[in-house]
Amino acid sequence: MTALPRRAPEPESYRVGIDVGGTFTDFVLADLESGALVNFKEPSTPHDPSLAVERGLAAIMAQHSIGPEQVAHVVHGTTIGLNAVIQRRGARIALVASRGNRDVLEIARCRMASPYDFRAQKEEPLVPRDLVFETSARGASDGSVMAFPDAAELEALAAELRAAEVSAVAVMLLNAYANPQLERDFLAALQPVLPDVLLSASTGLWPEIREYERSLVTTLNAYVHPLMTDYVERLRARLERLGMTAPLYITASNGGSLSVADAMERPIETLLSGPASGVVAAARVASSTERRALITIDMGGTSCDMSVCRAAVAETTTQTRIGDFPLVLPVVNVSAIGAGGGSIVWVDPQGVLKVGPESAGADPGPACYGQGGRQATITDCYVALGYIHPDRFLGGRMGLDAGAAARALAAVAERLGGTGDDRVERFAESAVRVATAKMATELYKGLAKQGLDPRRFTLVPFGGAGPTQANLLAEEARLEAILVPRAPGLFCALGALIADVQRDFVRSQRLRLSETSENTAVVDQVFRELESEAERWLDTGHDIVTATERRRSADLRYVGQAYELSVEIPDDARHCVDLATIAELFHREHERVHGFADRSAPIEFHTLRVTAVGRVPRVPLHEVEPAASPHPREMRPVWHQNSWQDMSVYARDSLGAGAQLPGPALIEQDDTTAFVLPGWRATVDTHGNLLLTREEVDAA
Amino acid sequence: MPDTAPHPDETRLDPVDYAVISQGLIAAAREMGAKLIRSAYSTIVREASDASAALLDRDGNVVAQAELIPMQLGPMAGTFRACTEVCPVDALVEGDFYINNDPFEGGQHLQDVFIYSPIFIDGEVVGFAGTVAHHLDLGGGNPGLNATAADVHAEGFIFPPSKYNFDRDWNGGPLERLVAANIRVPSQTIGDFNAQFAANAIGSHRVQQLCGKYGADVVKTTMRELLDYSERRIRAALAEVPDGVYIGEDAVDDDGISDQPLTVKAKVTITGESVAVDFDGTCQQVSRNLNCPFSSTVSAALSCVKSVLTSPDIPFNEGVKRPIAITAPEGSLLNPTYPAPVRARMEAAYRAFNAVMKALAQVVPEKVISGGHDTTTVMAISHLGDAGYRVYLEVFGGGYGASAHHDGCDAVDSPLSNCSNAPIEATDMDFDHFRIVEYGLLRDSCGHGEFRGGLGIVRRYEILKDDVNFAIYADRFRIAPFGLFGGTDGLRGRCEVLRNGEVIQVRSKDGLTLQKGDVLTLYTSGGAGYGRASNRDTDLVRRDVAQGYLREDAARSAYPHAF
């Protein structure tokens, strides 16, 4: 990694991270000097999410007597783009493809969603077929231009596109990944005859081989482009009204952030930013401890998502989905492992207890919300078992109906043959056990796919239900430690606050990895070109960046394989492109992930990548005061292992550094309740994190 | 043997333990499947998921299986039992494995090699981890497609049901050397075997973990209960179907030599909670490679019955098969005898699937689908250049059959497999003896009805070198996908070569030498319609015209009520 020092950050300033959720918009404000963090929640305004942002910013600045000029930097996460794709509310756009490929989106990869379900349907393309047009322009795999349209063809195409009345046109020419100039020339020739229409080239966004996936990147981007532009401009106007001149950044799916200019041009890179920000925050919190190998779990309303960080850094994947569509851009690797708080607990006709995948969502929500939900959920189980106090949910802003939870649970319990006064508690505990076992199984599977041993990892739970479930999961999955951060319910806003500026640059280059100097030169040349592209990008309008780095990675495979493995190329191998080192890294990665390596087999490069990172100044981590030995706020009966047990309940904000709490215990805070099991101990560290570990087992 | 000793059946299995352990077993099988696919070399394994992984109890009953493609549902138990007849389970030691690919000993075609590794707990076998993968090349008479194989020996290397030891015989040992010497691309094929062993190892490890936590007896009881659970679900679903005998018939176009269709007949008998499928009346086995080994017939019939009559969430295992009896006369196309060649078994397997579908249409019209492309259409375009052989091989989708609820999907692979296409850009990079100049939906190729079938595809190649070798095996060129309940048939597939202004028609099982400048075009068949065209929603008809799925004149004649 290369670190180039830049100028020092402004003194005496604040930074704000903002995350828009379905119910609340979360704010975290950091004092950049002391590291003090301030949290704030403002009810969301779904018709115009920027309104809640303006209101919340005004309120938090007033509360803490901060002038608008004192805010140095605002980072905002939004789900505008993702919602537009899932709800199909994006723009009317056209696609222009090389002749013979009009149906590239319709045919996709030729697969059914499920071969066992005759009713399964293919994903409906974002561009209807009558808005896909063809051109003679096409490249060859060696980068040469096979055909280019003359003026008459361009004029005819422009006339069709004008008549289509679209807000943007995406262009995907066959083999343009091998020579992006082809699409640039095409756009330059088309724009004069089609002024006033936004044109975008597939290779301008993502010049990777595979025409369907690249078409998707281009069309998804054009599809969300107008909505994102409108939103960002509205948001900017609101910030100006507040007198704020701070640069605004938008969080990205790769765990970084983008300037508004980039986010408006490349909104596709922001689509999966929400889950990514949480993982970034978890990695950052853990980096103040000695724990490096992390499993983050984000347990919210509808699901529980996990991510693995082997070295306290968010990891990315290029195999994910947006709705039904495959996405090949690098995004933080997050996968669903099971139920969320709103997942429904039910009994199937053969009498087997099941949890999810149906969820009561936020509306009507769990039965205990008292909003008309009749079906029992995991949150109802937590209430019935005494994990959650019905009067202290969301800091007491939302009272829960314990009776409604019990009634909903009793109805399902009876279908399982449950009788007796304690049938509700017994059933609730069984349901939580089933949900926990499913999570543990999926967690194992997720780790095993990467050849990792769960016992080395520390669990970092966040989301409203994460800390409640974490110890149960750790016990089931035999994990050794849990790190509960200070504000797990506002983690995505915290992730936004600390996100660096980050973008990936890619080139497909299939090439044998061999000792010949010719191939070495090609690989080195491509990496250098990508790096200067990255450098130009970092140098343009990123005033908040104080240091930069560029990371090289390559997707490789044994010749004949069709799946690649990504290998990060260390600094010491990069200057001379040490192919032998890269080969050995690949063999080792293959062995780790797949259980074997074939050192006699030839290897090929498939895709080369440079990740450009612009470091923003670190927010120092705030320290908490040591406090006298902790006192429980109350003793509460909690159902555990088939009986009621009195457990100590603590207020999180009363705990000082160094406090030790033996389990069983519950630790309550506004945004969540952490459960410490018998046999475990919670320790508060100097930054206010709770570290849960197993009690030493004495022979006595 | 410990297995026959009294089991803790009396101590009823805790329902939560059951839910937890059964989830663990199913997840372990899926984990094996994911691992197998990702680390395999064979494009057929990776892109078509032509592989499967399962956990079996010590009697060889599949307890949990990764449901990758329907065609691999079924053959595990048969291939396993053939191995135990050679070497009983009691005689196994750590490191041993069973292997079998014999089509006449429970296997499918030779490319599908089954490997089973015993799972030991305290010296006792509690079950097996098993995998099957379609191997790229197992030797035989020709690389790629060998339509003229006279018998199964010409199709590759046979592993009779047998037992070997991993450390002694594989890993550089005599079996590995024997196999490597008899196949064309040893590094890749041996790599795929290693992927199978690695997947088996992870499955064994997961079961051992479960046994360590809950005890081997509880895990074994859970395995039995999983079988019983699936059986109860299937029986409950079958009980809702009216009793009766229902007949269906379809045919493979021809055997590639004569024009005679190869008829497949199914008699489906539903009695209470069980169903019997008998293929009596099916034509005799043939001399070409279109014969369908019995285990493939079972898979095809089973997946049709399971998909039509039951819900997709029933976990597949041996319990699913208990109420379903499948028979086919020995020596017929669907139960051929040694030494019949079987490489292109899928065409007949699809007709078995279709014949059962037609029979079930008479009793559960709401749940069936009309005939679709339903073939494995493979083309190989190869060329011997300066740099050696370049062999291009691709499998093509077509239109899906319509149902009582939906139009059939356009351009997808057929129901017994689920194969991805290859990106044109990847193909362009790999081959210089041809170029793909068109890949699109084939307008008007669907059958009509209240719901229309899916559209087939058109794929056009420009040939760039002389003396290019071309081979195809396909079907539905002669006998169209069938419509149901008034829906019309889908359009038949075809293949042609344009040479110097003249069109050469290619048969469904054919080959010829292509020259530079030739244009080769494949049109795959469209799915058939369901229900009367006059009931079709007029908005849907107008959408199909506006989007160019149908030409206006074709739409006018099929759906006059919409205009």
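Keep in mind that what you see is a predicted model, and the values were worked out from it rather than measured. Per chain, numbering begins at 1; letters A, B, ... match sequence-line order.
Contact tally against chain A (heavy-atom pairs below 4.5 Å) for B:I457, B:L441, B:D428: the top residue is B:L441. Options A:R210, A:R119, A:E211 differ in how many heavy-atom pairs under 4.5 Å they form with chain B, and the most are formed by A:E211. Among the candidates B:R435, B:R232, B:R543, the residue making the largest number of heavy-atom pairs closer than 4.5 Å to chain A is B:R435. The residue among B:Y439, B:F396, B:Y18, B:F197 with the most heavy atom pairs within less than 4.5 Å of chain A is B:Y439. Per-residue counts of heavy-atom pairs under 4.5 Å with chain B were compared for A:R478, A:K354, A:M146, A:E442; the largest is that of A:M146. Ranking A:Q121, A:R102, A:R214, A:K438 against chain B, the residue ahead of the rest is A:Q121, based on heavy-atom pairs under 4.5 Å. Chosen from B:H205, B:K367, B:R460, B:R206, the residue pairing most often with chain A at heavy-atom distances under 4.5 Å is B:R206. Options B:G24, B:A426, B:A34, B:P415 differ in how many heavy-atom pairs under 4.5 Å they form with chain A, and the most are formed by B:A426. Comparing B:I202, B:D413, B:I190 by how many heavy-atom pairs each has under 4.5 Å with chain A, the most go to B:D413. Chain B forms more heavy-atom pairs under 4.5 Å with one residue of A:Y444, A:Y177, A:Y212 than with any other, namely A:Y177. Comparing A:D117, A:D348, A:V132, A:L131 by how many heavy-atom pairs each has under 4.5 Å with chain B, the most go to A:D348.
Classification of A:E106 and A:K122 as a salt-bridged pair fails, no side-chain N sitting under 4.0 Å from a carboxylate O. With salt bridges taken as basic N to acidic carboxylate O contacts below 4.0 Å, none links A:E475 and A:R433. Checked for salt-bridge contact, A:E213 and A:R109 meet the test: a charged N lies under 4.0 Å from a carboxylate O. Look at B:E31 and B:K35 and you find no salt bridge, because none of the NZ, NE, NH1 or NH2 atoms lies under 4.0 Å from a carboxylate O. A salt bridge links A:E414 with A:R423: at least one charged nitrogen is closer than 4.0 Å to a carboxylate oxygen. For the pair B:E438 and A:R99, the salt-bridge criterion is not met [side-chain N within less than 4.0 Å of a carboxylate O]. Here B:R443 does not pair with A:D103 in a salt bridge; the nearest charged N to carboxylate O distance is not below 4.0 Å.
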Practice item. Determine, stepwise, if the pair A:V104 / A:L95 fulfils side-chain contact (heavy atoms from CB on, under 4.5 Å). Key: CA-CA 10 Å; A:V104 62; A:L95 171 68; 4.1 Å; yes
Practice item. For salt bridge (Lys or Arg N to Asp or Glu O under 4.0 Å), just list the numbers for A:E604 and A:R557, CA-CA rounded to whole Å, side-chain angles, deciding distance to a tenth of an Å, and then say yes or no. Key: CA-CA 6 Å; A:E604 65 186 7; A:R557 61 192 187 189; 2.8 Å; yes
Review point. Given the rule in the side-chain contact (heavy atoms from CB on, under 4.5 Å) test, do B:L226 and B:I26 qualify, once you have shown the distances and angles that lead to the verdict?
Key: CA-CA 10 Å; B:L226 253 173; B:I26 292 169; 4.2 Å; yes
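Between A:P207 and A:V506, some side-chain heavy-atom pair lies under the 4.5 Å cut-off. You'll find the side chain of B:V412 reaches within 4.5 Å of the side chain of B:C409, heavy atoms only.
In this structure, chain B has no heavy atom under 4.5 Å from any part of A:E124. Contact of B:L455 with chain A is not made at all, since no heavy-atom distance falls under 4.5 Å. For A:A108, the part lying under 4.5 angstrom from a heavy atom of chain B is the backbone only. Looking at A:E476, both its backbone and its side chain come within 4.5 Å of chain B, counting heavy atoms on both sides. There is no contact between B:V458 and chain A, counting heavy-atom distances below 4.5 Å. With a threshold of 4.5 angstrom between heavy atoms, A:V352 approaches chain B through side-chain atoms but not through N, CA, C or O. Contact annotation for B:D432: neither backbone nor side-chain heavy atoms come within less than 4.5 Å of a heavy atom of chain A. Neither the backbone nor the side chain of A:A435 comes within less than 4.5 Å of any heavy atom in chain B. For B:A195, the parts sitting under 4.5 Å from any heavy atom of chain A are the backbone and the side chain alike.
Here the CD1 atom belonging to B:I369 is positioned 8.0 Å from the SG atom belonging to B:C304, to the nearest 0.5 angstrom. Here the straight-line distance linking atom CG of A:N175 with atom OG of A:S98 works out to 8.0 Å at 0.5 Å rounding. Note: A:I209 CD1 to B:E425 CD = 6.0 Å, rounded to the nearest 0.5 Å.
Within residues 133-142 of chain A, the residues that have a heavy atom under 4.5 Å from a heavy atom of chain B are A:R138, A:S141, listed by number.
For A:D130, there are no salt bridge (charged side-chain N to carboxylate O under 4.0 Å, His left out) partners, not counting sequence neighbours.
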